[in-house]
Amino acid sequence: MSQRQLTKSVTNRRVSGVIAGIAEYFGLGRDVVTILRILFVVLAFGSWGGLIPLYFVASWIIPSARPRNYYDDSENDYQEKWNRKAQHFDEKMDRWSERYSDKMNNWARRYEDKGRQNQQDSNQWGNPWEEPKGRKTKEAQPVEKEKEDDWSDF
């Protein structure tokens with residue numbers, strides 16, 4: 001006789017896998033699990049919610065099913081995975097620093113070139129209150145005052 005253990009279902013769960021776990025323990029199919037779920041909901045409403053705390057107690061007591069090799073991870077495998085992740089992170093940071101250092105150097109070079117150009121132009125924008133040198137402003141035409149105001153259109 002094989003030793004079966006009552007566990008919550010990992011693959012066929014809706015809330016916490018209690019009903020599906022009980023059905024898997026007794027070897028029932030997925031269609032029976034659906035019928036059991038419907039029956040549980042009907043009985044829960046019929047008992048004014050008395051089965052709902054029972055469901056949560058069962059989900060707290062019944063252990064979750066774990067993969068077979070869940071605790072079999074050796075220390076070396078863990079260290080190897082950690083080292084691979086760290087190496088991948090270092091490579092990623094190296095690529096990032098190369099890419100952005102080039103961009104930052106180009107930006108700094110352009111900024112220095114503009115600074116030198118502005119020093120040579122010695123304030124190319126000039127004083128904003130002075131009249132511009134290259135263009136003339138348009139003179140405003142005086143408004144002719146009408147002798148009599150016409151209010152007929154109001």
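Throughout, numbering of the chain's residues begins at 1 and tracks the sequence. Keep in mind that this is a model prediction, so the values were computed, not measured.
Across Gln79, Lys85, Glu80, Lys81, a single residue satisfies side-chain hydrogen bond (donor to acceptor under 3.5 Å, both in side chains) together with Asn83, and that is Gln79.
By the rule that hydrophobic residues join a cluster once side-chain heavy atoms approach within less than 4.5 Å of another member, Leu51 and Val15 end up as members of one cluster.
In this structure, Ile61 belongs to a hydrophobic cluster whose other members, linked by side-chain heavy atoms under 4.5 Å apart, are Val57, Trp60.
For the atom pair CZ (Arg14) and CZ (Arg37), the distance works out to 4.5 Å, reported to the nearest 0.5 Å. To the nearest 0.5 Å, atom CG of residue Leu6 and atom CD1 of residue Ile22 are 6.0 Å apart. Rounding to the nearest 0.5 angstrom, the gap separating the CD1 atom in Ile62 from the OG atom in Ser9 is 11.5 Å. Here the CG atom belonging to Leu39 is positioned 12.5 Å from the OG1 atom belonging to Thr34, to the nearest 0.5 angstrom.
Scanning both residues, Pro53 and Gly50, for their nearest heavy atoms gives CD-O, 3.5 Å. Ala44 and Ile52 get closest at one heavy-atom pair: CB-CG1, 4.2 Å.
For residues 13-52, the set of pairs meeting the ring pair (Phe, Tyr, Trp, His ring centres under 6.0 Å) definition, not counting sequence neighbours, comprises Phe40-Tyr55. Within the structure, side chain to side chain donor-acceptor pair (under 3.5 Å) contacts touching residues 94-105 (residues at least two apart or in different chains) do not occur.
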Exercise. Could you go through the side chain to side chain contact (heavy atoms under 4.5 Å, CB included) check for Thr11 and Glu24 one step at a time?
Key: CA-CA 11 Å; Thr11 57; Glu24 287 175 3; 4.0 Å; yes

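Legend: residues meeting salt bridge (charged side-chain N to carboxylate O under 4.0 Å, His left out) with Glu112, ordered by chain and number and at least two apart, are Arg116. With sequence neighbours excluded, the residues that form a ring pair (Phe, Tyr, Trp, His ring centres under 6.0 Å) with Tyr111 are Trp107. Applying the side chain to side chain contact (heavy atoms under 4.5 Å, CB included) test to Leu36 and every residue at least two apart in sequence or in another chain returns Ile19, Ala23, Leu28, Val32.
Under the 4.5 Å side-chain criterion, counting only non-hydrogen atoms from C-beta, Pro63 is not in contact with Lys8.
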